[in-house]
Amino acid sequence: MQELIVICGPTASGKTAVAVELCLAIGGEVISADSMQVYRGMDIGTAKPTAAEMHGVPHHMLGVAPPDEPCSAALYRERATEAIEAVNARGNVPVVCGGTGLYIDALTRPMGFFARGDSGVRGPLEAAAAEPGGKERLHATLREIDPESAARLHVNDVRRVVRALEVYRLTGRTLTQQRALDRARDGAYRGRLFGLSWPREVLYRRIDRRVDQMMADGLADEVRRLLDAGLAEGTTAMQGIGYKEIARALAGECGLDEAVERVKQATRNYAKRQLTWFRRDERVVWIEAEGRSARDISREILARKENP
RNA sequence: GCCUUGGUAGCUCAGCUGGUAGAGCAGUAGACUGAAAAUCUACGUGUCGGUGGUUCAACUCCGCCCCAAGGCA
């Protein structure tokens, strides 16, 4: 099974530059693993690498989907797998780089992603959950058909409870049964994950600075362009950090300064969630990034890859 | 100088006819299988501005002082 190098870590940890350095060193091409960079027209707010930052290294899975229809981990895996195989065919090395843990797992772990979301099934379930006592009833229903999942999921985690019921209605198998089937299979690739690590306070300061830079680079204009193009608030893409907050400011709900503060706050919260995700992944080899150049870090990754 | 209103958790504030206090946010930790930058969970001892007094008991009532905002001179 092919081994995939994956550069991961929280937002603003410097993954992009490290991936590029690594590719320059080994003849690689970057496969982005980012749930927001896949959308077209969302560049500044997603910190999509610019042409200058790419240094001629080909990048894939950037801006490959229209922002008005949601992408998904399963869809991502399909497209990313195609991209990886194309890189292989060219005789180059695919280097996965991104902060969306689920997308990385979609490539490197056996995950079924059984049953595409179906609004005909999901809609009524969500409506039922919204009624008084509805969450409790749905959770009780799940407990009957799939006690293990019910025990695993909190009553308030409506999204996952609904999804578990949806999978059962759509496939006739419970989530627990589906997951058991997964365990018997292999993932598409074996992941060699390298995570970039920073002292928390330093990372938070980098985030604040980067948001200011995004504003200077024209984030507000980018959001306005998307809204003018008809992208509705509440779509998956518009739930991206930086987009939902600025959109509200543009609608006059708050000042731009206040929106910027919220973007920073939301980004810091997000970085922390990413850390929780990657920390529990036993495959991740953590690399101290503070005070080091991207090239230096990429050298360490190569060395560690050869001598585990 | 006088009057008024405030001073309670990192921040914004609630509260007590007197029985030593609690929300939201932040922070920290965790979860996560076709929405994942989403969604969900857990964690609250702080000189209740200071100091005297009344009281069995004061964050709560009274006096004085300090600080902030506003008003009057």
Side-chain angles (χ1 to χ4, degrees), chain A residues 10-12 32-39 42 45-48 65 67-80 98-119 121-123 125-126 129 135 139 146 148-149 151-164 166-168 170-171 173-183 185 187 200-201 204 207 210-211 214 219 234-247 258 261-281:
Chain A
T11 190
S32 164
D34 186 298
S35 67
M36 286 292 149
Q37 290 184 356
V38 296
Y39 294 119
M42 299 174 61
T46 64
K48 216 175 268 180
D68 54 344
E69 45 189 89
C71 185
S72 73
L75 208 57
Y76 168 80
R77 179 174 58 191
E78 275 176 41
R79 305 287 298 275
T100 303
L102 182 64
Y103 282 17
I104 292 171
D105 280 359
L107 283 177
T108 58
R109 290 190 192 274
M111 300 187 93
F113 294 121
F114 0 86
R116 178 185 203 130
D118 181 328
S119 57
V121 176
R122 187 177 292 184
L125 285 171
E126 281 171 343
K135 291 184 299 193
H139 195 261
D146 184 358
E148 277 189 51
S149 292
R152 203 167 51 84
L153 298 175
H154 193 276
V155 196
N156 289 342
D157 201 350
V158 174
R159 198 173 252 203
R160 293 197 173 75
V161 172
V162 165
R163 174 63 188 157
E166 183 186 42
V167 166
Y168 179 66
L170 254 26
T171 69
R173 262 194 286 264
T174 66
L175 243 185
T176 302
Q177 291 169 331
Q178 296 282 20
R179 284 155 60 109
L181 291 179
D182 268 354
R183 258 174 262 128
R185 304 179 317 160
R200 188 71 57 93
E201 324 76 65
Y204 284 180
I207 286 170
R210 190 168 73 167
V211 171
M214 284 176 179
L219 177 58
T235 54
T236 301
M238 258 309 170
Q239 281 176 22
I241 295 170
Y243 294 88
K244 54 173 175 286
E245 296 86 356
I246 301 292
E258 196 184 325
E261 281 316 303
R262 286 189 191 159
V263 173
K264 291 176 180 174
Q265 185 58 253
T267 309
R268 283 184 242 126
N269 293 160
Y270 170 52
K272 186 177 178 308
R273 269 177 272 134
Q274 289 176 298
L275 285 167
T276 300
W277 179 289
F278 291 121
R279 252 190 316 232
R280 69 144 183 191
D281 188 329

Phosphate contact (rA35(B) OP1 or OP2) by Y39(A) side-chain N/O below 4.0 Å: no
Can you tell me whether the side chain of D182(A) and the base of rU33(B) have a donor-acceptor pair closer than 3.5 Å? yes
Salt bridge (Lys or Arg N to Asp or Glu O under 4.0 Å) filter on R179(A), not counting sequence neighbours, yields none
Ignoring backbone atoms, establish whether R122(A) has a side-chain N or O less than 4.0 Å from OP1 or OP2 of rA35(B). yes
Could you tell me whether the side chain of E69(A) has a donor or acceptor atom within less than 3.5 Å of a complementary atom in the base of rA35(B)? no
So which nucleotide from rC40(B), rG27(B), rA36(B) ends up closest to the side chain of W277(A)? rA36(B)
Applying a 4.0 Å non-hydrogen cut-off, can you work out what G45(A) is touching in the nucleic acid: base, sugar-phosphate, or nothing? base
Nucleotide nearest R200(A) when distance is taken to its side chain, options rA29(B), rA35(B), rU33(B): rA29(B)
The reported gap from CG in D146(A) to CG in L175(A) (rounded to nearest 0.5 angstrom) is 6.5 Å
For rG30(B), does either OP1 or OP2 sit under 4.0 Å from a side-chain N or O belonging to R279(A)? yes
Applying the Watson-Crick and G-U wobble criteria at under 3.5 Å, what pairs with rU60(B)? Answer none if nothing qualifies. none
If you check every side-chain atom of T276(A), which of rA38(B), rA36(B), rG30(B) has the closest atom? rG30(B)
For L275(A) and for Y103(A), locate the closest nucleotide of RNA chain B by heavy-atom distance; then report the residue assigned to the nucleotide nearer the 5' terminus. L275(A)
Would R262(A) and E258(A) pass as an ion pair if we require N to O under 4.0 Å? yes
Over all strands shown, is E126(A) touching base, sugar-phosphate only, or nothing at heavy-atom distances under 4.0 angstrom? base
With a 4.0 Å cutoff (strictly under), does any side-chain N or O of R152(A) reach OP1 or OP2 of rG30(B)? no
Is any side-chain N or O of K244(A) closer than 4.0 Å to OP1 or OP2 of rA38(B)? yes
Listed nucleotide nearest any side-chain atom of R268(A), set rA36(B), rG27(B), rC40(B): rG27(B)
Taking only side-chain nitrogens and oxygens of N156(A), does any of them come within less than 4.0 Å of OP1 or OP2 of rC40(B)? no
Reckon T46(A) touches a base, only the sugar-phosphate, or nothing at all at heavy-atom distances under 4.0 Å? base
So what does R273(A) touch, heavy atoms closer than 4.0 Å: a base, only the sugar-phosphate, or nothing? base
With respect to the side chain of L102(A), which nucleotide from rU33(B), rA35(B), rG27(B) is positioned closest? rU33(B)
Closest of rU28(B), rG27(B), rU33(B) to the Q265(A) side chain is rG27(B)
Report yes if a side-chain nitrogen or oxygen of N269(A) is closer than 4.0 Å to either non-bridging phosphate oxygen (OP1 or OP2) of rG27(B); otherwise report no. yes
Any K272(A) side-chain N or O less than 4.0 Å from OP1/OP2 of rG27(B): no
Would you indicate what G117(A) reaches in the nucleic acid, counting non-hydrogen atoms under 4.0 angstrom: base, sugar-phosphate, or nothing? sugar-phosphate
Inter-nucleotide C1' distance (rA26(B), rA9(B)), Å rounded: 11 Å
Less than 4.0 angstrom between a side-chain N/O of Y270(A) and OP1 or OP2 of rA38(B), yes or no? no
Pair Y243(A), Q239(A): side-chain N/O donor-acceptor within cut-off below 3.5 Å: no
Is there a donor-acceptor pair under 3.5 Å between the side chain of Q274(A) and the backbone N or O of T11(A)? yes
In whole Å, I'd like the distance from the NE2 atom of H139(A) to the C1' atom of rC40(B). 11 Å
Using whole Å, what does the distance between atom P of nucleotide rA31(B) and atom CZ of F278(A) come to? 13 Å
Answer yes if the side chains of R210(A) and T267(A) hold a donor-acceptor pair under 3.5 Å, and no otherwise. no
I'd like to know if R160(A) reaches the base of rA31(B) with its side chain, counting only an N/O donor and acceptor under 3.5 Å. no
